[in-house]
Protein chains: 2
Amino acid sequence: MHAKDLPEIRHLPLFRDMRQASFDTLMDKAYAQSFPMGLELIRQGDPADFLHVVMEGSVELYAHWAGHESTMAVVHPVGTFILAACVRDQPYLMSARTLERSRIILIPASDLRVTFRQDPDFAVSVVTELAGCYRAVIRHTKGLKLRNSRERIAAWFWRQAAQRGNLASFVLPVEKRFLASYLGMTPENLSRSLKSLEADGVKVDGSRVIITDRARLEALVQPDPLIDGA
Amino acid sequence: MHAKDLPEIRHLPLFRDMRQASFDTLMDKAYAQSFPMGLELIRQGDPADFLHVVMEGSVELYAHWAGHESTMAVVHPVGTFILAACVRDQPYLMSARTLERSRIILIPASDLRVTFRQDPDFAVSVVTELAGCYRAVIRHTKGLKLRNSRERIAAWFWRQAAQRGNLASFVLPVEKRFLASYLGMTPENLSRSLKSLEADGVKVDGSRVIITDRARLEALVQPDPLIDGA
DNA sequence: TCTTTTGGTTGATAAAGATCAAGCAATCTA
DNA sequence: TAGATTGCTTGATCTTTATCAACCAAAAGA
């Protein structure tokens with residue numbers, strides 16, 4: 001556990017408002033570890049031992065059943081994952097693997113559970129964080145059910161651009177096959193849709209995305225804060 | 001607000017462990033109301049004013065975008081809904097309407113937010129409840145992404161039977177069109193799939209479901225606690 | 001009781017998306 | 001740098017699911 005990580009972790013909404021003493025004891029039990037690319041950090045069904053914080057790299061959360069696999073989320077720095085399993089002391093619902101070499105902070109779930117029972121400010125932060133996670137999944141599921149695959153891709157691009165201050169061009173932060181799976185389609189389907197989206201104001205060349213016609217894209221996306229986020 | 005409701009509400013996991021004083025003040029601000037069938041209780045995007053508790057009847061949570069509509073959940077007694085929007089003081093992500101004549105308890109969101117900051121036991125209950133809601137949506141989304149429509153229907157039947165103590169026959173608690181939408185398909189698709197599922201151990205006659213061959217159904221469903229619940 | 005309404009079913013057809021196979025190009029590695 | 005690997009793309013085809021329209025039956029209302 002490196003001292004230089006502490007300010008960054010402390011700055012996260014989840015840890016921002018807790019008592020310094022609680023934060024210190026929690027961090028005291030935590031440790032950092034670096035993992036190579038492609039390593040399975042968590043297997044779905046395993047007991048929830050640690051809250052994970054991604055400091056560097058990126059982590060895919062994915063689900064599998066009957067030989068099928070689906071990307072549920074990709075976590076980038078600085079972000080946490082599987083808080084819900086930790087607080088309920090129940091098995092993980094998703095597996096996790098590193099998408100690149102990653103540095104992860106591991107916070108023992110048992111200490112977490114003790115801490116939010118002792119520090120009311122932290123409890124409030126956990127409540128707020130979990131409510132936010134819940135709402136994020138609901139929004140994603142709404143997108144899956146209400147939009148077709150072309151619209152989902154367009155909406156994802158629109159959102160990415162918006163998060164970068166409406167930048168007209170950016171590089172994909174994940175490989176296309178994970179994006180495809182996250183958006184609930186096959187890589188082939190994504191590939192074909194990308195080509196057809198040139199007519200709707202997005203051009204994709206390799207991993208570079210260029211919004212060529214923002215108005216046209218927006219007409220297709222019909223952005224909705226209750227799906228795409230504020 | 002009827003006194004006879006209090007024990008039932010108090011028995012809910014969310015309210016079970018809070019201090020009596022907190023519960024009393026919360027219930028003091030709450031009030032009960034009866035609504036006719038088909039009434040829109042909540043419109044998505046509205047500010048979160050009340051935590052809702054269904055005492056009688058049933059309520060559909062649904063989402064809409066660009067003229068499309070999709071059932072996200074159906075809440076039966078005794079169940080709560082839109083806790084997340086309340087604790088974050090943010091707009092509802094889903095609309096809600098009564099599916100039949102229903103009696104609902106309305107607990108002001110502002111009082112709720114005050115209470116879980118003052119009563120640590122209640123805060124822990126809210127944490128646990130929200131984590132449970134989050135995990136329920138994740139499980140449902142996993143089902144949507146990993147299973148095809150036939151499998152989703154079969155899994156839903158299997159789960160319903162399991163919740164009723166592996167009863168071989170039960171009556172659908174919702175109209176088929178809502179079930180179809182909840183499971184992410186059209187009513188026509190559901191209707192056709194139901195017929196084809198006779199070959200897999202489920203027979204449906206009107207609103208009556210009969211599990212004719214549990215083993216066969218289970219072979220199709222491949223039940224997984226990480227999707228179908230424990 | 002007789003209509004009217006509404007939810008459900010069925011059939012025909014269309015569209016969306018998945019699958020399989022082959023080819024390509026960028027990246028990694030020896 | 002050459003070869004191998006890997007992810008992406010493209011084409012052909014098949015499956016799944018949606019759409020549209022008609023019809024039926026149960027339930028609600030006059």
Side-chain angles (χ1 to χ4, degrees), chain A residues 36-38 58 60 62 65-71 74 97-101 143-154 171-200 202-209 220, chain B residues 36-38 58 60 62 65-71 74 97-101 143-154 171-200 202-209 220:
Chain A
M37 171 181 160
S58 54
E60 181 203 11
Y62 63 104
W65 174 83
H68 300 267
E69 205 173 285
S70 187
T71 302
V74 176
R97 72 164 76 96
T98 54
L99 293 179
E100 53 195 309
R101 178 165 184 79
L144 284 173
K145 293 184 79 177
L146 292 169
R147 297 210 260 232
N148 65 27
S149 57
R150 262 184 112 244
E151 291 164 342
R152 292 201 296 277
I153 300 166
V171 172
L172 288 176
V174 284
E175 286 177 21
K176 285 179 187 165
R177 57 198 174 120
F178 296 117
L179 178 59
S181 179
Y182 175 66
L183 295 176
M185 65 191 75
T186 57
E188 295 93 328
N189 190 1
L190 174 64
S191 185
R192 277 182 253 270
S193 296
L194 286 182
K195 184 168 278 188
S196 89
L197 278 173
E198 285 189 29
D200 284 276
V202 211
K203 178 139 181 28
V204 180
D205 180 39
S207 66
R208 172 146 304 270
V209 181
L220 173 64
Chain B
M37 172 183 160
S58 54
E60 180 203 12
Y62 63 104
W65 173 83
H68 299 265
E69 205 174 285
S70 187
T71 302
V74 175
R97 73 163 76 96
T98 54
L99 293 179
E100 54 195 308
R101 178 167 182 77
L144 284 173
K145 293 184 79 177
L146 293 169
R147 297 209 259 231
N148 65 26
S149 58
R150 260 182 113 247
E151 292 164 342
R152 292 200 297 276
I153 300 166
V171 172
L172 288 176
V174 284
E175 286 177 21
K176 286 180 187 163
R177 58 198 172 120
F178 296 118
L179 177 59
S181 179
Y182 175 67
L183 295 176
M185 66 193 73
T186 57
E188 293 95 327
N189 190 1
L190 174 64
S191 184
R192 276 183 252 269
S193 297
L194 286 183
K195 184 168 278 186
S196 90
L197 279 174
E198 285 189 29
D200 284 275
V202 211
K203 177 135 181 32
V204 180
D205 180 39
S207 65
R208 171 146 303 269
V209 181
L220 174 63

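Per chain, numbering begins at 1; letters A, B, ... match sequence-line order. Here the structure is a predicted model, which is why all the values come from computation and not from measurement.
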Next on the checklist: I need the CZ-P distance between A:R101 and C:dC28, as an integer number of Å.
Outcome noted: 15 Å
Checklist entry - Where the side chain of B:K176 is concerned, which of D:dA18, C:dA18, C:dG8 is the nearest nucleotide? => result C:dG8
Next on the checklist: Among residues at least two apart in sequence or on other chains, which ones pass side-chain contact (heavy atoms from CB on, under 4.5 Å) with A:S191?
Outcome noted: none
Checklist entry - Just how far, in rounded Å, is C1' of C:dG8 from CD1 of B:I153? => result 14 Å
Item to check | Value in whole Å for how far the C1' atom of C:dT10 lies from CG of B:N189 | outcome: 13 Å
Checklist entry - Rounding to a whole Å, what distance do you find between A:L144:CG and C:dG17:P? => result 12 Å
Checklist entry - Which whole-number value in Å describes the distance from A:L194 CG to D:dT9 C1'? => result 11 Å
Checklist entry - Given D:dT10, is OP1 or OP2 found less than 4.0 Å from the side-chain N or O atoms of A:K195? => result yes
Next on the checklist: Could you tell me how far apart A:L172 (CG) and C:dA26 (P) are, to the nearest whole angstrom?
Outcome noted: 16 Å
Next on the checklist: Less than 4.0 angstrom between a side-chain N/O of A:S149 and OP1 or OP2 of C:dG17, yes or no?
Outcome noted: yes
Checklist entry - Can you find a pair of side-chain heavy atoms, one from B:Y182 and one from B:R177, that are under 4.5 Å apart? => result no
Checklist entry - Atom CD of A:E188 to atom C1' of D:dT16: distance rounded to whole Å? => result 16 Å
Next on the checklist: Tell me whether the side-chain N/O atoms of A:T186 come closer than 4.0 Å to OP1 or OP2 in C:dA18.
Outcome noted: yes
Checklist entry - A:R150 side chain to A:S196 main-chain N or O, any donor-acceptor pair under 3.5 Å? => result yes
Checklist entry - Do A:L146 and B:E69 have side-chain heavy atoms sitting under 4.5 Å apart? => result no
Item to check | A:M37 side chain near A:L99 side chain, heavy-atom distance below 4.5 Å | outcome: no
Item to check | Nearest-angstrom distance from the residue atom CG of B:L190 to P of C:dG7 | outcome: 15 Å
Checklist entry - Looking at A:N148, does any N or O in its side chain come under 4.0 Å of the phosphate oxygens OP1/OP2 on C:dA16? => result no
Next on the checklist: With hydrogens left out and only the distance checked, is there a donor-acceptor pair under 3.5 Å joining A:E175's side chain and the base of D:dC8?
Outcome noted: no
Next on the checklist: I'd like to know if A:R192 reaches the base of C:dT19 with its side chain, counting only an N/O donor and acceptor under 3.5 Å.
Outcome noted: yes
